[in-house]
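Read through the structure below, which is laid out as C-alpha cells, and then see the notes.
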Protein chains: 2
Amino acid sequence: MARRSGVLELAVLGLLHESPLHGYELRKRVNALLGPLRAISYGSLYPCLKEMVAGGLLATDDEASESAVGRRSRIVYKLTAEGKERLQDQLAEGGPSAWDDDSFGVRFAFFAQTDAEVRLKILEGRRSRLEERREKVTSAFGRTREKLDRYTLELQQHGLESVDREVRWLNELIATERGSVSARPRRVTTK
Amino acid sequence: MARRSGVLELAVLGLLHESPLHGYELRKRVNALLGPLRAISYGSLYPCLKEMVAGGLLATDDEASESAVGRRSRIVYKLTAEGKERLQDQLAEGGPSAWDDDSFGVRFAFFAQTDAEVRLKILEGRRSRLEERREKVTSAFGRTREKLDRYTLELQQHGLESVDREVRWLNELIATERGSVSARPRRVTTK
DNA sequence: TTCGTCATGTAATGGGTTACATGATTAC
DNA sequence: GTAATCATGTAACCCATTACATGACGAA
C-alpha cells in the first residue's frame, strides 16, 4: 500500500481540494508550492496518483473524447469523499510530524484551510523545534570553537543566523495569529 | 561499487585528512559539519566506510589489544595515498556539482584546504545557482500573485528573502576572497 | 521541419532511514 | 544495579530520481 511520502500526498490533496487538475498541471502547482528545492518529478507524481486512486482518495475524470479538441487525452483527478476526509484529518493534525522541515512548508501553505488553534500549535511547535536545533549547534559549538578554521566558523555562524531569522519570522506570525485568535471568545476545543 | 553519495564520502575524506578517527567519532564530526539537517546515521556511515576501505581509499588501523585499556576495540580509519589523491581531486573540482545544495556546505567547510582560485569559482557558481532559483520563483510568482492567499504569499515572500540573504552573504565572501586573491600576481591558472 | 511544451507513464537505481542485534564501559 | 553513552554492524524498507519510451500540437 506504500504511503508515498505524506508530504506529496498532502500537497496533492490540498491542491485538488481547490479544483480538479490533471497530472502535468498538478506537478507544476506542487513544485510552485514546495519551492525549487524538493521539487518533484513525474517519476514520483504519477505513481503516487495511481496509488491514491487505488486507495480511494482520488477519482479520475477522463477528459478524453468530449470537449477536448486536439490534445492527448488528459486524466483529470479530483478528491473523493474519502479524500476530503483524509485532507481534513491531515490538516487537523498539529503534532510533531507537522513541524518537520519537510511537512511544515506544505502545512503552512494550506493554513487558509486550517483551524486557527491548529495553526498556532504548528507555528509554536515549529519554533520550539528550531530552538532545539539552535541549542544543539551552539552547545557543540562552544566545545570546539577554538579548533575551527575561519571557513568552518563562518559556516556555523551563518547557519545559526539563518535559524535565528526563521525564529523571528515565526514570532511575528505567532503574534499575528494570537491577535486574531484571542479576538473571539476562545473556548478550548482541542480535538 | 556503489559510490555512496559523494557528499558523505567527501566529508569522510576531509575529516580523516585532519586526523585518523574511528566510526563513532567520525559520525559526530560529520554531523557537526553537515548540521542538524541532513545528519547521517550509522546505517549510512558504516557501509560507506566499508566500501571506501574496499575501494582502497581508507585503511583500518585496528586499535584492539594495544593501549586501549577497556573499551570495545575501535576501528580507526585513516586515508591511504589513494584516498589523499581522491580528496585533492575532489577539492580541485569547482564545477556545477560543487554548487549543489548538498555539496556546497561540505565544500565550503574544507575551503581551508582548497585552492584560492577554486574557492572563488565555487562561491560564484553557488551565487549564480541561487540567482537562477530566485528568478524562477519570481517569474512564476508574477503570474499568479493575485490568486494566492495570505499564507501562501507569506511563504513565498519568506523563501525569497532567504535566498536574498544567502546571496548577500556570498557577495561578502566573494569580495573578501577577491581581496586576498588579487593581492598576489594572479596568473590565470584555470586548470 | 524542427523545436518546445504538453502529456503520461515505467524500470532501474540510488541513497538514505528505521529498527534491530550485540555488547562493553562509565557514572549515578 | 541500571541507565546512558560508547561502539559496530545488518536487513528491510522508503521515497525519490534518472533515464527511457511514446506521442501529439503549436509556433518559428
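If you're wondering where the values come from, they're calculated on a predicted model, not measured in any experiment. Labels below follow one simple rule: chain letters A, B, ... track the order of the sequence lines, proteins then strands, and each chain is numbered from 1.
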Checklist entry - Distance only, no hydrogens: is a donor on one side chain within 3.5 Å (strictly under) of an acceptor on the other, for A:S41 and A:R27? => result no
Next on the checklist: Students often mix this up, so state it plainly: with edges at 30° and 60°, are the rings of A:F108 and A:W169 parallel, tilted or perpendicular?
Outcome noted: tilted
Taking only N/O atoms, report every protein-nucleotides 10-12 of chain D pair under 3.5 Å with atom names and distance.
unit_1	atom_1	unit_2	atom_2	d
D:dT10	OP1	B:K50	NZ	2.8

Checklist outcome for this item: note: A:L45, atom CG; C:dT8, atom P; distance rounded to Å ~ 9 Å
Next on the checklist: Check the orientation of B:H22 and B:Y24. Use parallel for under 30°, tilted for 30 to 60°, and perpendicular for over 60°.
Outcome noted: parallel
Checklist entry - C:dG9 P sits how many Å from A:I40 CD1, rounded? => result 14 Å
Next on the checklist: Just the rounded figure in Å: distance from P of D:dT17 to CG of A:L34.
Outcome noted: 10 Å
Item to check | Carboxylate-amine/guanidinium proximity below 4.0 Å for A:E166 and A:R127 | outcome: no
Checklist outcome for this item: Between CG of B:L58 and P of D:dT8 the distance, given in whole Å, is 14 Å
Checklist entry - Can you list the steps and then say if B:R129 with B:D100 is a side chain to side chain contact (heavy atoms under 4.5 Å, CB included)? => result CA-CA 8 Å; B:R129 175 64 61 93; B:D100 281 353; 3.0 Å; yes
Item to check | Distance test, side-chain N/O of A:S41 to OP1/OP2 of D:dA16, below 4.0 Å | outcome: no
Item to check | Interatomic distance where CE belongs to A:M52 and P belongs to D:dC15 [whole Å] | outcome: 13 Å
Item to check | B:D115 (side chain) donor-acceptor with B:E117 (main chain) under 3.5 angstrom | outcome: yes
Checklist entry - Heavy atom of residues 11-33 of chain B under 4.0 Å from DNA chain D: which residues? => result B:H22, B:G23, B:Y24, B:K28
Item to check | Whole-Å gap separating C1' (C:dA7) and OH (A:Y77) | outcome: 11 Å
Checklist entry - Under a 4.0 Å N-O cut-off, is there an ion pair linking B:D101 with B:R133? => result yes
Checklist entry - Between the side chain of B:T176 and the main-chain N/O of B:E172, is any donor-acceptor distance below 3.5 Å? => result yes
Checklist entry - Counting only side-chain N and O atoms of B:S44, is one of them less than 4.0 Å from OP1 or OP2 of C:dT17? => result yes
Next on the checklist: Ring-plane angle category for A:Y46 and A:Y42, please: parallel below 30°, perpendicular beyond 60°, tilted otherwise.
Outcome noted: parallel
